[in-house]
Asker: 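Here you go, one structure.
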Amino acid sequence: MLRLRISLSAILVCVLCFSPSLINASQNELTEAESRSGWKLLFDGKTTDGWRNYKKDAVGDGWKIEDGILSRVGKGAGDIITVGQFEHFELQLEYRISKGGNSGLMFHVTEENDRPWHSGPEIQIQDNVDGHDPQKAGWLYQLYQPQKPGWAKKFEAQVGYKGIEMDDATRPAGQWNQLYFRVTARDGEVCMNGVSYFKFVKGSDDWNKRVAASKFAKFENFGKATKGHICLQDHGNLVSFRNIRVRELPESGKAPEPIDGTLKLKPEVAFPNIAWDGWSAFNENGKPNPPKRPIHVTHAGDGTNRVFVVDQSGLIHVLPNDPAAKKATVYADIRERTHQFNKDDEEGVLGFAFHPNYKSNGQFFVYYNTESGDRKIYLSRFTVSKDDPNKADESSEEILMTIQQPFANHNGGPMAFGPDGYLYIGMGDGGGRNDPEYSAQDKSSILGCVLRIDVDHKANGKNYAIPKDNPFVGQKNVPGEVYAYGIRNPWRVSFDSKTGSFWLADVGQDLWEEINIIKKGGNYGWSAREGSFAFGNHEGSNDVTGIAPVWEYDHRIGKSITGGHVYRGSKLPELAGHYLYGDYVTGKLWALHYDEEAGKVIRNVAIPWNGLNVLAFGEDEQGEAFVTTPNRNGKGIYRLVQE
């Protein structure tokens with residue numbers, strides 16, 4: 001069993017002044033993020049404007065619209081195509097197939113043939129349980145089938161886990177399924193309910209070989225057009241569609257940025273002259289050492305204006321908050337206890353927090369993968385040395401929690417103290433692909449949850465206590481530490497120092513990255529949802545509504561969100577009240593202004609950046625921001641300054 005059924009630590013959420021919006025609250029409407037990044041509706045829920053039958057001028061009588069749903073209900077329907085033609089584009093739609101039913105989605109359809117499938121490749125739509133066709137829903141008919149990605153094989157192999165080789169992410173007949181499709185000159189992809197099935201390059205040697213081996217080889221024009229109509233197939237069965245959306249792309253496949261402008265800011269190295277005790281770019285043999293990975297930059301809140309830099313390796317430095325600083329001394333070194341990230345990229349020191357009363361009690365907390373070899377994590381308390389304020393007492397470690405992780409990814413760990421003095425901890429779903437044990441929706445597991453604990457008291461044989469007002473205290477089979485759930489892979493959390501709101505950025509899998517404001521007892525959807533959209537087909541997933549993210553962006557924009565904090569400094573007034581965040585893979589920075597009372601995004605603006613991986617954000621004691629990136633020269637910490 002991969003499930004974890006022990007208690008853990010907590011992540012934060014404050015009482016918010018707005019009612020959270022629920023996922024899927026509307027249909028045939030674009031989300032805020034979609035409308036800002038170029039998506040458009042192909043079906044408005046009211047008319048068939050923009051559609052017609054293949055080789056005809058109107059839509060057949062067998063297609064009906066009721067309650068915002070377009071359905072093939074009877075004879076005289078026929079295959080329908082878009083009036084417009086599309087070249088490079090993405091398409092999202094939801095379909096509901098009848099028991100034993102069959103339909104299809106075709107693209108790049110031209111009208112010189114008798115049937116649309118003679119020219120346009122077809123993505124199969126059918127009831128996979130009682131359907132008669134061996135080509136399953138989401139397959140590119142007789143061309144491509146689901147393939148497990150290499151990264152998933154890697155994480156499974158590490159722990160000897162054997163997952164299914166060919167995904168079937170479809171939900172049963174009568175339930176809604178979401179189909180995503182992309183085709184450009186450079187690549188294509190199909191996802192079913194958020195799960196990536198396969199990628200392809202239309203017209204490539206591989207494509208042509210597959211076509212030659214299929215039944216379509218006899219049609220001279222099959223798959224040759226680079227621009228054409230989108231087609232919904234009438235296969236004689238009841239099928240319904242809604243939320244049909246398209247985004248046209250340039251040949252490069254690059255999507256429009258969902259921004260309202262670009263701020264006149266720039267990054268500059270925060271400490272250009274610094275030398276780091278205990279770390280160098282090369283070892284004694286002249287070979288490169290692992291890069292510095294500053295996953296947290298913070299202050300102790302003790303009035304000293306020092307900066308603390310936490311490296312994923314387990315090396316923690318302290319230095320003056322001065323651009324002219326020349327030396328960073330070692331505050332703590334737990335590298336020998338820590339499983340190193342150069343062995344497993346997503347492991348190491350993953351969380352750090354100073355106690356709110358650090359000035360008087362000298363306590364700080366570290367969440368790290370141990371070097372025990374059995375994927376064990378410690379949440380530990382340390383104290384500062386009695387003799388040196390710039391040195392921790394490494395022998396003072398007190399283990400608060402021991403957490404067994406099933407995989408080497410999604411181990412969670414970002415944590416912060418809330419305005420209530422409790423420690424909040426973001427827990428990943430345990431890793432692997434598709435949340436294989438459905439842990440994030442299983443409240444009996446601490447994985448995929450936000451935890452909240454009291455580190456100032458001890459109770460029930462634990463080195464911490466559980467706050468009595470935690471939302472699931474007293475519920476059978478639910479650890480009392482759980483504060484919220486439905487989280488995949490939180491990468492950085494923070495409290496707004498002015499409002500007390502708790503922000504959590506959650507890294508997505510195949511399609512969406514998201515930002516959440518965590519609410520007590522809230523369900524944030526994973527792994528029944530990814531962002532605002534359906535994911536997978538775990539039992540019960542169709543009934544999960546969840547709380548919608550306050551912001552999300554898709555994988556044409558970025559692929560791995562890095563969360564920051566709401567800026568409350570004074571040097572950059574244009575950032576006041578904006579949540580800073582970035583993307584690790586694409587190397588982009590943004591600032592989001594969100595009105596919590598109205599539950600509405602005011603604006604999302606770009607921040608000029610150098611294109612490097614965005615690893616983390618940080619704050620000094622005055623609320624001024626840092627941005628970090630992995631580096632081999634010791635200069636991976638940046639400030640944002642005005643141009």
Asker: Would you say the rings of Phe352 and Phe364 are close, in the sense that their centroids are separated by under 6.0 Å?
Answerer: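 So the answer is yes for these two rings.
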Asker: So Tyr579 and Tyr581, would you call those rings parallel, tilted or perpendicular, with 30° and 60° as cut-offs?
Answerer: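 Answer is parallel, since the angle falls under 30°.
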Asker: Return yes if some donor-acceptor pair links the side-chain N/O of Glu32 with the main-chain N/O of Lys600 below 3.5 Å, else return no.
Answerer: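 Looks like no, no N/O pair under 3.5 Å.
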Asker: Can Asn243 and Glu94 be said to form a side-chain hydrogen bond (donor to acceptor under 3.5 Å, both in side chains), step by step?
Answerer: CA-CA 6 Å; Asn243 293 328; Glu94 292 180 76; 2.3 Å; yes
Asker: Has Lys635 got more than 12 heavy atoms of other residues, nucleotides or ligands less than 6.0 Å from its NZ?
Answerer: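 Yes, because the 6.0 Å sphere around NZ of Lys635 holds more than 12 heavy atoms from other groups.
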Asker: Would Lys588 and Trp609 count as a cation-pi pair here, with the cationic atom under 6.0 angstrom from the ring centre and within 45° of the axis?
Answerer: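 Not satisfied by the 6.0 Å and 45° rule.
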Asker: What are the two closest heavy atoms between Ile487 and Asp429, and how far apart are they?
Answerer: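 Shortest heavy-atom separation between Ile487 and Asp429 comes out as O-CB, 3.9 Å.
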Asker: In terms of side-chain heavy atoms, does Glu257 have a donor or acceptor partner in Ser37 at a distance below 3.5 Å?
Answerer: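 Short answer, no.
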Asker: Does a side chain donor of either Asn434 or Gln509 reach within less than 3.5 Å of an acceptor in the other side chain?
Answerer: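 Side chains of Asn434 and Gln509: pair found under 3.5 Å.
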Asker: Is it the case that Ser527 and Asp435 place a side-chain donor and acceptor less than 3.5 Å from each other?
Answerer: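 Their side chains do contain a donor-acceptor pair, which is all the 3.5 Å distance test asks for.
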Asker: May I ask you to check whether Tyr367 and Tyr378 place their ring centres under 6.0 Å from each other?
Answerer: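 Tyr378 vs Tyr367: aromatic centres not under 6.0 Å.
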Asker: Under 3.5 Å, is there a donor on one side chain and an acceptor on the other for Gln312 and Arg293?
Answerer: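 Per modelled atom types, Gln312 and Arg293 side chains form a pair under 3.5 Å.
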Asker: Would you check if the side chain of Glu530 reaches a backbone N or O of Trp512 as a donor-acceptor pair within less than 3.5 Å?
Answerer: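 Pair found, side chain donor or acceptor close to backbone of Trp512.
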Asker: For the residue pair Tyr197 and Gln147, confirm or rule out a side-chain donor-acceptor distance under 3.5 Å.
Answerer: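 No pair is found: no donor N or O on one side chain lies under 3.5 Å from an acceptor on the other.
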Asker: Just by distance, no angles: are the side chains of Glu371 and His339 close enough, under 3.5 Å, to form a donor-acceptor pair?
Answerer: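 Per modelled atom types, Glu371 and His339 side chains form a pair under 3.5 Å.
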Asker: Taking the six-membered ring for Trp, are His578 and Tyr567 ring centroids under 6.0 Å apart?
Answerer: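 They do not qualify: ring centres at least 6.0 Å apart.
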